[in-house]
Amino acid sequence: QVQLAESGGGLVQAGGSLNLSCEASGRTTNKLFMAWFRQAPGKERVFVASSSQSGVNTHYADSVKGRFLVARDNDKNTVYLQMNRLKPEDTAVYYCAAKSGVMPATAESQYTSWGQGTQVTVSS
């Protein structure tokens, strides 16, 4: 069983940056395909970014492409989401997710482990 714990959320002005962290325990991240999702108030949870086990292959939602960067440090069992040029529409609870296998996935149903989420609020 994998446990995931996000941190790094907070309040930031539009145009600012935040770096989220997701630390995994119970299984080493070098065997896990990792992703970030987010859920805005009143909306469904949606895919943001993902990283293959090695970190070489990454995927991004169109809405964050060019502004967000997903990275991982398998020695620290941690995955990061660097968020730059933040917009008010990025306001959401951000979740870290993990699954086995190497196929990229954007559907939350394909992920088997989830963190508790961290709130990101971007003011205009």
Exercise. Is the shortest heavy-atom distance from the side chain of Val12 to the side chain of Thr121 under 4.5 Å?
Worked result: no
Exercise. Which heavy atom in Ala98 sits nearest to a heavy atom in Leu32, and how many Å separate them?
Worked result: CB-CD1, 4.2 Å
Problem set entry | Side-chain donor/acceptor of Asn74 to backbone N/O of Gln53, under 3.5 Å | yes
For this session: Could you check Phe33 against Ser100 for side-chain contact (heavy atoms from CB on, under 4.5 Å), going step by step and ending with a plain yes or no?
Result: CA-CA 6 Å; Phe33 190 96; Ser100 301; over 6 Å; no
Seminar exercise, completed: Between Leu81 and Ala49 the two heavy atoms that sit nearest each other are CD1-CB, 4.2 Å
Problem set entry | Distance in Å, Ser21 OG paired with Arg72 CZ, rounded so as to fall on 0.5 Å steps | 13.5 Å
Problem set entry | Any side-chain heavy-atom pair of Leu4 and Gln116 under 4.5 Å | no
Exercise. Does Ala35 offer a backbone N or O that forms a donor-acceptor pair with the side chain of Ser50 under 3.5 Å?
Worked result: no
Problem set entry | Shared hydrophobic cluster, Val48 / Val122 (ILVMFWY, side-chain heavy atoms < 4.5 Å) | yes
Exercise. Stepwise, does the side chain to side chain donor-acceptor pair (under 3.5 Å) test hold for Ser25 with Glu23?
Worked result: CA-CA 7 Å; Ser25 59; Glu23 184 172 359; over 6 Å; no
For this session: Determine the minimum heavy-atom distance between Ser51 and Val70, stating which atoms define it.
Result: CB-CG2, 4.0 Å
For this session: Decide yes or no for Arg38 and Tyr95: does some side-chain heavy atom of the first lie under 4.5 Å from some side-chain heavy atom of the second?
Result: no
Exercise. Given the rule in the side-chain contact (heavy atoms from CB on, under 4.5 Å) test, do Leu18 and Gln82 qualify, once you have shown the distances and angles that lead to the verdict?
Worked result: CA-CA 6 Å; Leu18 280 175; Gln82 175 66 41; over 6 Å; no
Exercise. What's the verdict on side-chain contact (heavy atoms from CB on, under 4.5 Å) for Val120 and Met83, showing C-alpha distance, side-chain angles and the deciding distance?
Worked result: CA-CA 10 Å; Val120 171; Met83 305 186 295; 3.8 Å; yes
Exercise. Looking only at side chains, do Thr91 and Glu89 share a donor and an acceptor under 3.5 Å apart?
Worked result: no
Exercise. Are Thr78 and Asp73 linked by a side-chain donor-acceptor pair shorter than 3.5 Å?
Worked result: no
Problem set entry | Ring centres under 6.0 angstrom apart (Trp114, Phe37) | yes
Seminar exercise, completed: When every non-hydrogen atom of Phe47 is compared with those of His59, the smallest separation belongs to CZ-O, 3.8 Å
Exercise. Can you tell me how far the CG atom of Asn19 sits from the OG atom of Ser7, to the nearest 0.5 Å?
Worked result: 9.0 Å
For this session: May I ask you to say whether Asp62 pairs ionically with Lys65, meaning some side-chain N is under 4.0 Å from a carboxylate O?
Result: yes
Problem set entry | Short side-chain to backbone donor-acceptor contact, Arg85 and Ala14, under 3.5 Å | no
Exercise. Hey, does the side chain of Tyr111 reach the backbone of Met34 with a donor-acceptor pair shorter than 3.5 angstrom?
Worked result: no
For this session: Before giving the answer on side-chain contact (heavy atoms from CB on, under 4.5 Å), spell out for Phe68 and Leu20 the whole-Å C-alpha distance, their side-chain angles and the decisive distance to 0.1 Å.
Result: CA-CA 11 Å; Phe68 289 12; Leu20 305 184; over 6 Å; no
For this session: Please name the pair of heavy atoms, one in Gly115 and one in Glu6, separated by the smallest distance, quoted to 0.1 Å.
Result: CA-OE2, 3.2 Å
Problem set entry | Nearest non-hydrogen partners of Thr112 and Lys99, listed with the distance | OG1-CA, 4.0 Å
Exercise. Can you hop from Tyr60 to Trp36 via hydrophobic side chains spaced under 4.5 Å?
Worked result: yes
